[in-house]
Amino acid sequence: MDSVVQVNGLAEEQELLSVLRNRSTPTAEFRGASDRLARVLSAKFVKRLYDVSCTAEDRVHSTDQGVQDFADTLIVPVMRAGLALVPAFTELLPDAPVGIVGVERNEETAEPSLYYERLPAAPLERALIIDPMLATGGTACLIASLLIELGYESGSIHFVGVLAAPVGMDKLSRIIPRPNVTVAAVDQGLDQHNYIVPGLGDYGDRYYGT
């Protein structure tokens, strides 16, 4: 896991993760912590990828070549939980197009199936899959494979999430490079229902309050 960029070593990110993990955290507080952590993750992603100066609070300031429009990166959130993290990324990448994918998981087999897809036909320079939870890796691998079919190189596909299980990390790294995966923490594993443990529950349910 050494090549994975993690943000859980700092006190602020640990505090935010603690809020998210607390099952009694109310919706408003969960959203606030999620939004803040998303800004931290987006700042780290942009700084590493573009080698620019930015913070979790600010837009990108400058580059050696001047200001970029960042329209070469396709943002691909996974409905519905992935949509919660998108504003932090579009704030830093204001010209980046956003594609949408919908994936549902069979609760008995844990296998994912695509039910909605709205992506540009022509590939951009890179694509960023956004999904808070990387559990079995099935959803992320399905989307990464779809992007490859559309013409993206595996090395140009990135993933950003909040929590991951080792099995999901290993499975996704067979399709895209492991250094292209950024998460806030890698948890112990999966339970009998293939949910991350200790985890934090259903991210979408908790963020949207439904």
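Heavy-atom basis, side chains included; hydrogens, waters and symmetry copies ignored.
Atoms CG and CD, from Asp35 and Glu91 in turn, are 12.0 Å apart once rounded to the nearest 0.5 Å. Here Leu20 contributes atom CG and Glu29 contributes atom CD; the two are 9.5 Å apart, rounded to the nearest 0.5 Å. From Leu41, atom CG reaches atom CZ of Arg36 across 10.5 Å, with rounding to the nearest 0.5 Å. Put simply, NZ on Lys47 and OG on Ser42 are 13.0 Å apart, with the number rounded to the nearest 0.5 Å. Separating the CD1 atom in Ile148 from the CD1 atom in Ile143 is a distance of 12.5 Å, to the nearest 0.5 Å.
Of all non-hydrogen atoms in Val103 and Pro112, the two that sit nearest each other are CG1-CB, 3.5 Å. Between Ser154 and Asn180, the shortest heavy-atom contact is O-ND2, 4.3 Å. Minimum interatomic distance between Ile75 and Thr90 (heavy atoms only, all atoms of both residues): CD1-CG2, 4.1 Å. Taking both residues in full, the closest heavy atoms of Ser156 and Glu153 are given as OG-O, 2.7 Å, listed atom of the first, atom of the second, then distance. Residues Val167 and Ala135 come closest through the heavy atom pair CG1-O, 3.6 Å. The two residues Ala165 and Gly189 have their closest heavy-atom pair at CB-O, 4.0 Å.
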Query - side chain to side chain contact (heavy atoms under 4.5 Å, CB included) between Thr25 and Leu200, worked out - result: CA-CA 10 Å; Thr25 297; Leu200 51 77; over 6 Å; no
Report task. Any chance you could lay out the side chain to side chain contact (heavy atoms under 4.5 Å, CB included) test for Arg178 and Leu172, step after step, and finish with the verdict? Result -> CA-CA 8 Å; Arg178 189 178 289 263; Leu172 183 57; over 6 Å; no
Report task. Please step through side chain to side chain contact (heavy atoms under 4.5 Å, CB included) for the pair Tyr208 and Thr27, ending with a clear verdict. Result -> CA-CA 7 Å; Tyr208 293 108; Thr27 299; over 6 Å; no
Report task. Carefully, step by step, assess Asp205 and Arg80 under the rule side chain to side chain contact (heavy atoms under 4.5 Å, CB included). Result -> CA-CA 9 Å; Asp205 284 354; Arg80 91 190 134 136; 2.3 Å; yes
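Each of Ile130, Ile129, Leu142 was checked for a side chain to side chain contact (heavy atoms under 4.5 Å, CB included) with Val78, and the lone residue meeting it is Ile129. Partner of Phe45 under the side chain to side chain contact (heavy atoms under 4.5 Å, CB included) criterion, out of Leu92, Val160, Val40: Val160 alone.
When side chains are defined from C-beta on, Leu49 does not count as touching Leu128, because their heavy atoms never get closer than 4.5 Å. Using a 4.5 Å heavy-atom cutoff, the side chains of Val181 and Ser173 are not in contact. The side-chain heavy atoms of Arg21 and Pro198, taken from C-beta on, include a pair separated by under 4.5 Å. By the 4.5 Å heavy-atom criterion applied to side chains, Leu163 and Leu17 are counted as neighbours. Side chains of Phe89 and Thr73 form no contact here, defined as non-hydrogen atoms less than 4.5 Å apart. In this structure, His158 and Thr182 have side chains that are not in contact, with every pair of non-hydrogen atoms separated by 4.5 Å or more. When side chains are defined from C-beta on, Pro77 does not count as touching Leu85, because their heavy atoms never get closer than 4.5 Å. Between Leu134 and Met169 the shortest side-chain heavy-atom distance falls below 4.5 Å.
The backbone N or O of Gly199 sits less than 3.5 Å from a side-chain atom of Asp187, completing a donor-acceptor pair.
Environment of CZ in Arg118: sparse, with no more than 12 heavy atoms of neighbouring residues, nucleotides or ligands closer than 6.0 Å. For Glu117, the CD atom sits in a packed shell: over 12 heavy atoms of surrounding residues, nucleotides or ligands are nearer than 6.0 Å.
Between Tyr203 and Tyr207, the two ring planes are parallel [angle under 30°; tilted spans 30° to 60°].
Linking ILVMFWY side-chain heavy atoms closer than 4.5 Å, directly or via other members, places Met133 and Val19 in two distinct hydrophobic clusters. When the side chains of ILVMFWY residues are joined at heavy-atom separations under 4.5 Å, either directly or via intervening members, Val162 and Val197 end up in two distinct hydrophobic clusters.
The side-chain tip of Arg105 points at the ring of Tyr195 from less than 6.0 angstrom away and within 45° of straight on.
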